[in-house]
Student: 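Pasting in a structure now, in structure tokens, and then I'll have a few things to ask.
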Amino acid sequence: MKKTVYISNFLLILLVFSCGQNSSEKELNGNWREIENEYSTWHFYPDSLVFKLTGEPDKKTDWRANKSQIEFEIETLEQDSAGKFIDTTNKILIDYQLSRKKDSLFGTLKNNYGVHKFSMLKTENYNEYLNRKFGVKFTLPKSDSTDLIEVDPIYGMKIFICFESNQLIGKTEFSNSLKNLENDIKSFREKLGTFFGPKDWRNQKFYLGVYADEKVTDSIITESLSVTTKSDFFINNDIPRPPNNTMSIRIYRVYDDGKNNNLGFRKAKKIKTIANTVYN
């Protein structure tokens with residue numbers, strides 16, 4: 001009986017908040033993830049807007065919207081001319097448009113710091129986000145294997161492999177095919193070098209993170225990712241080289257661990273690789 005009363009009260013609270021919203025605000029309710037930065041999510045609720053950015057505390061605020069604009073304020077800390085941190089209010093105005101299906105948002109954000117264009121996808125989970133962002137359709141295998149380990153996604157270049165109309169389709173986060181795999185790997189390593197610094201050993205943690213449909217076998221993945229790349233890492237760093245100046249490129253197949261909104265460590269299985277890096 002108590003449980004029934006609790007559920008009834010909860011639904012009543014939601015109804016009260018929902019009735020206070022206009023039609024444009026109701027269209028925005030839900031979970032949105034930025035296309036330009038997948039680690040940034042916006043959660044619109046009838047009574048609040050919650051921002052989640054991996055590695056930072058959540059931020060919550062009130063919001064309002066009409067069919068073309070969203071308004072809210074964020075409390076922040078700024079340094080004054082004396083270097084002292086003071087509480088400030090960052091007033092934010094977004095001019096936006098929704099797609100025909102109301103599941104894509106294209107906005108121009110104006111705040112105390114300037115103007116910023118961005119876009120977002122409204123999705124139920126991270127896998128759905130990847131499907132829509134990269135134009136692929138895959139269902140990850142379930143994480144019921146004892147061979148799975150946790151891998152840090154920051155070091156993994158995303159690879160997508162699936163079947164479409166009985167044809168094997170492969171993409172990377174940079175290209176719509178696997179034909180540019182060598183150049184894509186180079187681009188990803190340059191991104192790591194920019195983030196960590198060109199001489200940081202963490203750049204060597206690079207791997208290929210494969211989001212493959214459950215119907216795709218491990219052997220197909222291995223064969224599809226046969227590539228040889230070149231690197232100057234050991235020329236630029238006075239540290240011992242690997243044997244024969246060659247090192248295998250690790251491949252990890254990502255599994256569905258039921259935590260599709262968590263962008264922390266991913267459950268994955270290390271599979272056979274014939275890809276490698278030759279060091280100049």
Student: For Ala212 and Phe138, work out which heavy atoms get closest and say how close.
Tutor: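 For Ala212 versus Phe138, the nearest heavy atoms are C-CB, 4.5 Å.
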Student: Between Asp256 and Lys267, is the closest basic N to carboxylate O distance under 4.0 Å?
Tutor: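 Asp256 and Lys267: not salt-bridged.
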Student: Between Arg253 and Asp218, does any NZ, NE, NH1 or NH2 come within less than 4.0 Å of an OD or OE carboxylate oxygen?
Tutor: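 Salt bridge: yes.
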Student: So if you build clusters from Ile, Leu, Val, Met, Phe, Trp, Tyr with side-chain heavy-atom gaps below 4.5 Å, do Ile35 and Leu109 land together?
Tutor: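 No, because Ile35 and Leu109 fall into different hydrophobic clusters, even though each may have its own neighbours under 4.5 Å.
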Student: Taking all heavy atoms of Leu192 and all of Ile154, pick out the closest pair and write down the distance.
Tutor: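 The pair with the smallest heavy-atom distance is CD2-O, 3.5 Å.
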Student: Can you tell me how far the CE atom of Met120 sits from the CD atom of Glu36, to the nearest 0.5 Å?
Tutor: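 The CD atom of Glu36 is 9.5 Å from CE of Met120, to the nearest 0.5 Å.
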Student: Taking the side chain as every heavy atom from C-beta outward, state whether Asp213 and Ile161 have any atom pair closer than 4.5 Å.
Tutor: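 No - every pair of side-chain heavy atoms lies 4.5 Å or more apart.
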Student: Can you sort out the partners of Glu223 under side chain to side chain contact (heavy atoms under 4.5 Å, CB included), two or more places apart, ordered by chain and number?
Tutor: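 Testing Glu223 for side chain to side chain contact (heavy atoms under 4.5 Å, CB included), a comparison that skips the adjacent residues, returns none.
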Student: Are there over 12 heavy-atom neighbours, none belonging to Lys133, within less than 6.0 Å of that residue's NZ?
Tutor: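 Yes - once you tally the heavy atoms of other residues, nucleotides and ligands closer than 6.0 Å, there are more than 12.
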Student: Does the Lys122 side chain pair with the main chain of Asn29, one donor and one acceptor, at a distance under 3.5 Å?
Tutor: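 Yes.
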Student: Which pair of non-hydrogen atoms, one from Ala65 and one from Asn22, has the smallest distance, and what is that distance?
Tutor: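 Heavy-atom minimum between the residues: O-ND2, 2.8 Å.
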Student: Can Asn203 and Phe195 be said to form a side chain to side chain contact (heavy atoms under 4.5 Å, CB included), step by step?
Tutor: CA-CA 9 Å; Asn203 295 321; Phe195 187 77; over 6 Å; no
Student: Does Phe163 reach the side chain of Val216, with side-chain heavy atoms less than 4.5 Å apart?
Tutor: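 Contact flag for Phe163/Val216 side chains = yes.
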Student: Tell me whether the centres of the aromatic rings in Tyr252 and Tyr211 are closer together than 6.0 Å.
Tutor: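 Ring-ring flag for Tyr252/Tyr211: false, centres at least 6.0 Å apart.
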Student: How about Phe188 and Glu173: do any of their side-chain heavy atoms sit closer than 4.5 Å?
Tutor: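 Phe188 reaches Glu173 side chain to side chain.
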Student: Please check: side-chain N/O of Ser226 versus main-chain N/O of Ser224, any donor-acceptor pairing under 3.5 Å?
Tutor: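 Not confirmed, Ser226 side chain does not pair with Ser224 backbone.
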Student: Mind checking the CG-NZ spacing from Asp58 to Lys60? Nearest 0.5 Å is all I need.
Tutor: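 Those atoms lie 10.0 Å apart.
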Student: Side chain to side chain donor-acceptor pair (under 3.5 Å) for Ser99 and Asp103? Distances and angles first, verdict last.
Tutor: CA-CA 6 Å; Ser99 63; Asp103 59 0; 3.1 Å; yes
Student: Would Leu140 end up clustered with Met157 when hydrophobic side chains under 4.5 Å apart are linked, directly or stepwise?
Tutor: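 As far as the 4.5 Å side-chain criterion goes, Met157 and Leu140 are not connected within one cluster.
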Student: Check Glu71 with Lys110, please: is the shortest side-chain N to carboxylate O separation under 4.0 Å?
Tutor: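 Result for this pair is no, no salt bridge flagged.
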Student: Take Glu75 and Thr89 through the side chain to side chain donor-acceptor pair (under 3.5 Å) test and state the conclusion after the steps.
Tutor: CA-CA 5 Å; Glu75 300 299 321; Thr89 299; 3.2 Å; yes
Student: More than 12 foreign heavy atoms under 6.0 Å from CZ of Arg64: is that the case here?
Tutor: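 Not more than 12 within 6.0 Å, no.
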Student: Of Phe118, Trp63, Tyr96, which meets ring-ring contact (aromatic ring centres under 6.0 Å, His included) against Trp42?
Tutor: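 Result for ring-ring contact (aromatic ring centres under 6.0 Å, His included) with Trp42: Phe118.
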Student: Applying side chain to side chain donor-acceptor pair (under 3.5 Å), run through Asp184 and Thr172 and close with a yes or a no.
Tutor: CA-CA 8 Å; Asp184 290 348; Thr172 76; 2.8 Å; yes
Student: Using atom types as modelled and distance alone, determine if a side-chain donor or acceptor of Ser24 lies under 3.5 Å from a backbone N or O of Lys67.
Tutor: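 Yes; judged by distance alone, with no hydrogens or angles, the pair exists.
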Student: Output, in order, the C-alpha distance, side-chain angles, deciding distance and verdict of side chain to side chain contact (heavy atoms under 4.5 Å, CB included) for Phe160 and Asn176.
Tutor: CA-CA 10 Å; Phe160 306 98; Asn176 286 324; over 6 Å; no
Student: Could you give the distance from CG (Asn90) to CG (Asn112), rounded to the nearest 0.5 Å?
Tutor: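 It is 4.0 Å, given to the nearest 0.5 Å.
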Student: Looking only at non-hydrogen atoms, find the nearest pair between Asn31 and Tyr45 and report the distance.
Tutor: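 Taking Asn31 first and Tyr45 second, the nearest heavy atoms are OD1-OH, 4.4 Å.
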Student: Please name the pair of heavy atoms, one in Cys162 and one in Val136, separated by the smallest distance, quoted to 0.1 Å.
Tutor: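 Heavy atoms of Cys162 and Val136 come nearest at SG-CB, 4.5 Å.
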Student: Honestly curious: do Val254 and Phe206 fall in one hydrophobic cluster under the side-chain, below-4.5 Å linking rule?
Tutor: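 Looking at the clustering, Phe206 is in a separate group from Val254.
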Student: Would you say the ring centers of Tyr129 and Trp32 fall short of 6.0 Å from each other?
Tutor: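 Ring centres of Trp32 and Tyr129 not closer than 6.0 Å.
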Student: Would you give the length of the straight line joining atom CG of Leu49 to atom CD1 of Ile70, rounded to the nearest 0.5 angstrom?
Tutor: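 Answer for the CG-CD1 pair, Leu49 versus Ile70, is 8.0 Å.
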Student: Any non-hydrogen side-chain atom of Leu225 less than 4.5 Å from a side-chain atom of Ile274?
Tutor: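 In short, these two side chains do not touch, never coming nearer than 4.5 Å.
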Student: How about Phe196 and Tyr155: are their ring centres within less than 6.0 Å of each other?
Tutor: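 Ring centroids of Phe196 and Tyr155 are less than 6.0 Å from each other.
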Student: Can any side-chain N or O of Asn66 pair as donor or acceptor with the backbone N or O of Gln69 at less than 3.5 Å?
Tutor: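 Present.
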Student: Got a donor-acceptor contact below 3.5 angstrom from the Ser40 side chain to the Leu53 backbone?
Tutor: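 Pair absent, no side-chain N/O of Ser40 close to backbone of Leu53.
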Student: Nearest 0.5 Å, please: how far is NZ in Lys117 from CG in Asp95?
Tutor: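 Here the interatomic distance stands at 8.5 Å.
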Student: Is the Phe233 to Tyr279 ring centre distance short of 6.0 Å?
Tutor: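 No, too far apart.
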Student: Do the side chains of Ile185 and Ile249 get nearer than 4.5 Å, heavy atoms only?
Tutor: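 Of all side-chain heavy-atom pairs linking Ile185 with Ile249, at least one is under 4.5 Å.
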Student: Would you say that more than 12 heavy atoms from the other residues, nucleotides or ligands in this model lie under 6.0 Å from the CD of Glu190, or not?
Tutor: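 For Glu190, atom CD is crowded (more than 12 foreign heavy atoms under 6.0 Å).
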Student: Which of these, Arg266, Lys205, Arg250, Lys269, sits in a side-chain contact (heavy atoms from CB on, under 4.5 Å) with Val151?
Tutor: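 The passing option is Arg266.
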Student: Answer yes or no: is there a donor N or O on one side and an acceptor on the other, between the side chain of Ser177 and the main chain of Lys179, under 3.5 Å?
Tutor: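 At least one qualifying donor-acceptor pair exists.
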Student: Can Ile149 be reached from Ile159 by stepping across I, L, V, M, F, W or Y side chains whose heavy atoms are under 4.5 Å apart?
Tutor: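 Yes, because Ile159 and Ile149 connect within a single hydrophobic cluster, where side-chain heavy atoms sit under 4.5 Å apart.
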Student: Do Val210 and Val227 share a hydrophobic cluster (ILVMFWY, side-chain heavy atoms under 4.5 Å, transitive)?
Tutor: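 Yes, Val210 and Val227 fall within the same hydrophobic cluster.
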Student: Please determine if Asp200 and Arg202 form a salt bridge, counting it only when a charged side-chain N lies under 4.0 Å from a carboxylate O.
Tutor: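 Counted as a salt bridge, because a side-chain N and a carboxylate O are separated by less than 4.0 Å.
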Student: In this structure, which one of Lys230, Gln204, Arg189 forms a side-chain hydrogen bond (donor to acceptor under 3.5 Å, both in side chains) with Thr277?
Tutor: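 With Thr277 as partner, Lys230, Gln204, Arg189 yield a single side-chain hydrogen bond (donor to acceptor under 3.5 Å, both in side chains), made by Arg189.
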Student: Can you see which heavy atom on Ser104 is nearest to which on Leu121, and at what distance?
Tutor: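 Taking every non-hydrogen atom into account, OG-CD2, 3.4 Å.
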Student: Does this structure show an ion pair linking Lys158 with Glu38, if we count only N-O contacts that are shorter than 4.0 Å?
Tutor: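 Here Lys158 pairs with Glu38 in a salt bridge, since their nearest N and O are under 4.0 Å apart.
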Student: Quick check: are there more than 12 heavy atoms from other residues, nucleotides or ligands sitting under 6.0 Å from NZ of Lys191?
Tutor: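 Yes, NZ of Lys191 has more than 12 neighbouring heavy atoms, counting only those of other groups under 6.0 Å.
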Student: Could you state the interatomic distance from CD1 (Ile251) to OG1 (Thr273), rounded to the nearest 0.5 Å?
Tutor: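 It comes to 3.5 Å.
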Student: Using only atom types and a distance under 3.5 Å, with no angle test, would you say the side chain of Glu128 pairs donor to acceptor with the backbone of Glu124?
Tutor: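 Indeed, once roles are kept as given, a pair shorter than 3.5 Å links the two residues.
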Student: Counting N and O atoms only, with roles assigned by atom type, does the side chain of Asn111 sit under 3.5 Å from a partner on the main chain of Leu93, one being a donor and the other an acceptor?
Tutor: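 No.
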